[in-house]
Amino acid sequence: MPKMRAVQVAQKGGLLESVERERPQPGFGEVRVKVQACGVCHSDCIAKDGLFPTVPYPIIPGHEVAGVIEAVGEGVVGWPIGTRVGVGWFGGHCGRCEPCRRGDMIACTNLRIPGINCDGGYAEAMVSPADALVRIPDDLSSEDAAPLLCAGVTTYNALRGSGARPGDLVAVLGIGGLGHLGVQFAAKMGFRTVAIARGADKESLARQLGAHIYLDSAAQDVAAELTRLGGAKAILATVPNAQAMSEVIPGLAVRGVLIVIGVGAEPIQVSALDLISGSRSVKGHASGTAIDSEDTLNFSVLSGVRPTIETMPLERAAEAYDRMMRAEARFRMVLTMGQ
Ligand SMILES: [Zn+2]
Ligand SMILES: [Zn+2]
C-alpha cells in the first residue's frame, strides 16, 4: 500500500502529531484528492478538543482542502484524474434525511464534515464523495482557494443571501479571518460597505480591503453611527464576541438583519423592542454546499477578492494551529504539502 504523510489527533484534547498513514482508497462514488493546500480554521478545534461527541479518533483535521484528483472510485462520472478540486465544510450529504429531501443539503442531519467526522486535509491525500467536490478555476492558486472553501463561502453566501441590494448599507463586524473576506465581498457586491473593528489602527487595512466607511467600536457608538448613516440592511457578525454583536443590533435599518457567523461563548442579547420596531431580525448562517463554494471561487476570480494568508509546511501544523488560536494569523494560516 502506498503511504502518505499526515497530521492527526490521536484522542480528545491530544496534540497534532505527524504520522505516516496508508493512502486511503476511494470507495463507490468517491475520489482521492492529492492535497496541495489546506487552511487552518478555528473550527478545527472541534476535532482537536472533541467538541462534537461524534469525532472518530484518531482523526486527521482540515476542511479547507485544495488539490488535484489522483484516483477515481467506481460510479464517479465527470471528475477525471487531474481535475483541480477543493473540499470544504460541506463534505457530502446523505440524500435521505428530511432537509436533503427538501433540497436543503447544508442542513443534512448526517452531513459529512471533513476533519470533523471523517479524515480531512492535514495530509498528502484524502478521500471525498464526488458530489462534495468544488472545481477550482485556473486563475486561482490552491493556497488562495483553500480558505475560500470555508471562511470564503461562509461570508460570500451570507452576504448574497442577506436581502441587501447594490448601494445598500452593509456592515461587517470584525476584520479577522472571516471579516477580511467579508469586507472585500461586500464592497465587490456593490454594497456601501462599513467595516467595524476596535482601534483607529485598523482603518487603513479596512479601506485597503474596500470599506467605504470605518467605525472604531472602541471610540464610537457604532449603533448610533449606523443609524445616522441610514441604518444597515445587513450586518455580518464575524467576531467571536456576543456583546459586540448585541451592541450593533439597534444600528439595523428597517427590516435589517444581523447575520451571525462568528461563534462566541456567551449568549447574544437583544431587546424585543429593537426587533419589533423596524421588523428587524437576527439569524445564523451555515457555510454553503459545494456549488456555493464553486460560486465563491468564481466570484473571487471575477472580482479580485483574495484571502490574506500565511503558509507553513504540513509538518508545522501544530505551530500554524497555535498561531491561529492565539489570533495572530494575518489572516488565515494555510498548510502546504509540497506536491
Ligand atoms: Zn472552517
Ligand atoms: Zn441528509
Side-chain angles (χ1 to χ4, degrees), residues 7 9 16 29 35 37-49 51-52 54-55 59-66 86-122 126 128-132 134 143-158 174 176-182 185 236-240 259-264 284-293 296-297 300 307-310 317 320-321 323-325 327 329 331-335:
V7 170
V9 180
L16 290 162
V35 182
C38 183
V40 178
C41 178
H42 191 272
S43 300
D44 294 344
C45 71
I46 297 169
K48 188 168 179 302
D49 297 333
L51 304 183
F52 289 178
T54 49
V55 178
I59 187 160
I60 300 173
H63 59 265
E64 295 184 348
V65 188
V87 190
W89 181 263
F90 178 88
H93 64 288
C94 76
R96 302 182 306 274
C97 71
E98 183 177 330
C100 278
R101 292 174 65 205
R102 294 188 188 282
D104 192 4
M105 274 83 90
I106 192 64
C108 173
T109 55
N110 304 302
L111 188 68
R112 179 180 161 118
I113 311 170
I116 302 286
N117 57 27
C118 59
D119 281 336
Y122 285 23
M126 71 169 272
S128 170
D131 60 10
V134 177
E143 289 81 358
D144 281 344
L148 294 173
L149 293 161
C150 177
V153 64
T154 301
T155 50
Y156 172 81
N157 222 22
L178 290 165
H180 89 287
L181 290 165
F185 283 130
L236 187 65
T238 72
V239 287
I259 308 172
V260 179
I261 58 172
V263 182
H285 171 82
S287 192
T289 58
I291 196 68
D292 292 322
S293 289
T296 304
L297 300 190
S300 299
T308 301
I309 59 171
E310 294 180 41
Y321 177 84
R323 192 163 164 70
M324 179 275 303
M325 289 301 277
F331 288 97
R332 297 292 282 194
M333 302 303 301
V334 176
L335 301 174

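Just follow the structure's listing: the first ligand is 1, and inside any ligand the first atom is 1. Along the sequence shown, residues are numbered consecutively beginning with 1. Values in this document were obtained by computation on a predicted structure and should not be read as measured data.
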Note to self: Using modelled atom types and a 3.5 Å cut-off, is there a donor and acceptor pairing between side-chain atoms of H180 and backbone atoms of T308?
What the structure shows: yes
Protein N/O/S atoms closer than 2.8 Å to the Zn ion (ligand 1) number 3
In terms of heavy-atom contacts, M333 and M324 come closest through CG-CB, 4.2 Å
- Query: Is there a donor-acceptor contact under 3.5 Å from the side chain of H285 to the main chain of S287?
  - Reply: yes
Go through I60 and M126 one step at a time and tell me if the side-chain contact (heavy atoms from CB on, under 4.5 Å) criterion holds.
-> CA-CA 9 Å; I60 300 173; M126 71 169 272; over 6 Å; no
field: Test item: S300 and F185 side chains (from C-beta on) under 4.5 Å apart, heavy atoms
entry: yes
Within the 2.8 Å cut-off the protein N, O or S neighbours of the Zn ion (ligand 2) are C94 SG, C97 SG, C100 SG, C108 SG
When the side chains of residues 103-117 are checked against the rest of the protein, which donor-acceptor pairs come out under 3.5 Å, sequence neighbours left out?
unit_1: R112; atom_1: NH2; unit_2: V127; atom_2: O; d: 3.3
unit_1: N117; atom_1: OD1; unit_2: I113; atom_2: N; d: 2.8
unit_1: N117; atom_1: ND2; unit_2: L111; atom_2: O; d: 2.9

Hits for ring-ring contact (aromatic ring centres under 6.0 Å, His included) against Y321, two or more places apart or cross-chain, chain-then-number order -> none
In this structure, CD1 of I261 is separated from CG of L178 (nearest 0.5 Å) by 4.5 Å
In terms of heavy-atom contacts, G174 and V239 come closest through CA-CG1, 3.5 Å
